[in-house]
Amino acid sequence: MEQPDAGAVQSTRLWGGRFEGSPSVEMDRLNRSLPVDHRLWREDIEGSLAWATALGRAEVLTEDEASTLREGLEQVAERLRSFDSARWHAAADEDIHTLVERLLREQVGAVAGRLHTGRSRNDQVATDTRLWALRALDRIDSLVRDLQAALLSQAEPNVATVMPSYTHLQRAQPIAAAHWLLSHAWALSRDRERIAGTRERVGTLPLGSGAIAGCPFPIDREFLRDELGFLAVTQNSIDAVGDRDWVAEILFVASTLGVHLSRLAEDVILFASAEFGFVRLADTYSTGSSLMPQKRNPDAMELARGKAGRFIGGLVGTLALLKGLPTGYNKDLQEDKVALFDAVDELETLLPAVAGSISTMTFDVDRCAAAVDPAMLATDLADFLVREGIPFREAHERIGRLVRAAEELGCSLSELPRDRFIEISKEFADANLDGLFDPLQSLEARSAPGGTAGVSVRAQMEALKHLL
Ligand code: ARG
């Protein structure tokens, strides 16, 4: 059979009968979603293959017709596999469903017109997009896991690397660099939990809902569910065609993940600056300035921070899209895919670059240690007094006075003469002050689960490895 180029032929509409003439050029340009939804071609074919089989099983089609349709759809898939962007661009069809049906007609002739029996583009597009989204979620999940692995690989050699932690971006208490790295890995593990939960809701099959009221033929929807790898079937056809909660949910997952990447990025940007100097990004993940030869910019991290705004925009836009819609399918819903595809594409570009930046960055162990000033051990001094039986509130007060004394003398807390310590609290008389000012001891003291002590950090790493 002759196989004309898809772009070279006139498009066919799926709804021409009751209209005189074709839509205006302006209307067509607005209405056409093929430039966006052509990416659903594989899912559209898969859904149609399953639908053809289901129609055959329901004896709506003869076995011959069903198998002709299936063979035709396989041939259409073969043709679409070779489509490049120019061919997609040249195709004049309204959307991917229209294009597939037109090509099917070219392959098998008039019997193609039987495929859409009992089906609507409303349940079809929801099915295609959910199928696409299920696969996208799996890809994102594995990229997030790669980033967790990168954080773990940096954490392993840095369990005893001491650095400051910050609250209010003011030096707080000494921590292990590994503890900081793992804090980001745990946020990502919540993202993966959200992906898994979202996956369950995305995996609900709308096919068999028709345009809105359901399918009038005895279609086995459980068969369709099984065939297409869904977890459940929708229970209400009206809800099934108008529901895009799952798109919003994916965009929320992307936004939360984006926020986590952004916060990790912000830390790395700060820590890689000359002022902090705790880490150095590899040359392969840094960029230069066109003007200032000395510059070494953390562009990957800045883009991570920037993309988060884009994901949030997609989420907010989608919620706004949904909020005023009357029940059932409305064409507004065609817009859902723009934000969905964008978020997935961006995450697929971003996540490997963030993972690469993290796994190739190096710590300046000396700079990290030098930034831990003795005042950061003030809490440890108070804790010492608590162990000597003094109520914490009182201990806090006494150490506060020591800090003030050091400030007045213009020395660091550890440089205060021992007498001043004893003057403020006699319990310091037999204290090992050097030990109290040792950041590593401070770390090791925090050995309750979840703390920064070596044992706790190693337990975290084990737990995390288990999740990977
Ligand atoms: N291109 C449409 C979309 O993405 C397909 C569904 C069209 N349905 C309709 N009743 N016109 O939403």
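When a ligand or atom number is given, it counts from 1 through the structure's own listing order. This chain uses plain numbering: 1 for the first residue, then up along the sequence.
Nearest heavy atom pair, residue Gly208 against residue Asp123, reads N-OD2, 3.2 Å. For Ser447 against Val455, the heavy-atom pair with the smallest separation is CB-CG2, 3.9 Å.
Every N/O-N/O distance between His97 and ligand 1 stays at or above 3.5 Å.
Nearest residue to atom 5 (C) of ligand 1 from Asn31, Asp95, Ile212, Val36 is Asp95 (criterion: closest heavy atom).
Contacts between Asp336 and ligand 1 below 4.0 angstrom, taking non-hydrogen atoms only, are absent altogether.
Ring centroid separation for the pair Phe252 and Phe311 does not come in under the 6.0 Å cut-off. In this structure, Phe341 has its ring center under 6.0 Å from that of Trp132.
Within ligand 1, counting atoms from 1 as listed, the ones closer than 4.0 Å to a heavy atom of Lys337 are 3 (C), 4 (O), 12 (O). Of all the atoms in ligand 1, the ones that sit under 4.0 Å from a non-hydrogen atom of Asp37 are 1 (N). Here is the list of ligand 1 atoms found below 4.0 Å of a heavy atom in Asn122: 8 (N), 9 (C), 10 (N).
Atom 11 (N) of ligand 1 has as its closest protein heavy atom Arg121 NH2, 3.6 Å. Regarding atom 1 (N) of ligand 1, its nearest protein heavy-atom neighbour is Gln334 OE1, 2.8 Å. The protein non-hydrogen atom at the shortest distance from atom 12 (O) of ligand 1 is Tyr329 OH, 2.4 Å.
No donor-acceptor pair under 3.5 Å is formed between the side chain of Asp342 and the backbone N or O of Val338.
Arg263 and His260 share no donor-acceptor pair across their side chains, judged by distance under 3.5 Å alone.
Ring orientation note: the planes of Phe278 and Phe271 are tilted relative to one another, at an angle of 30° to 60°.
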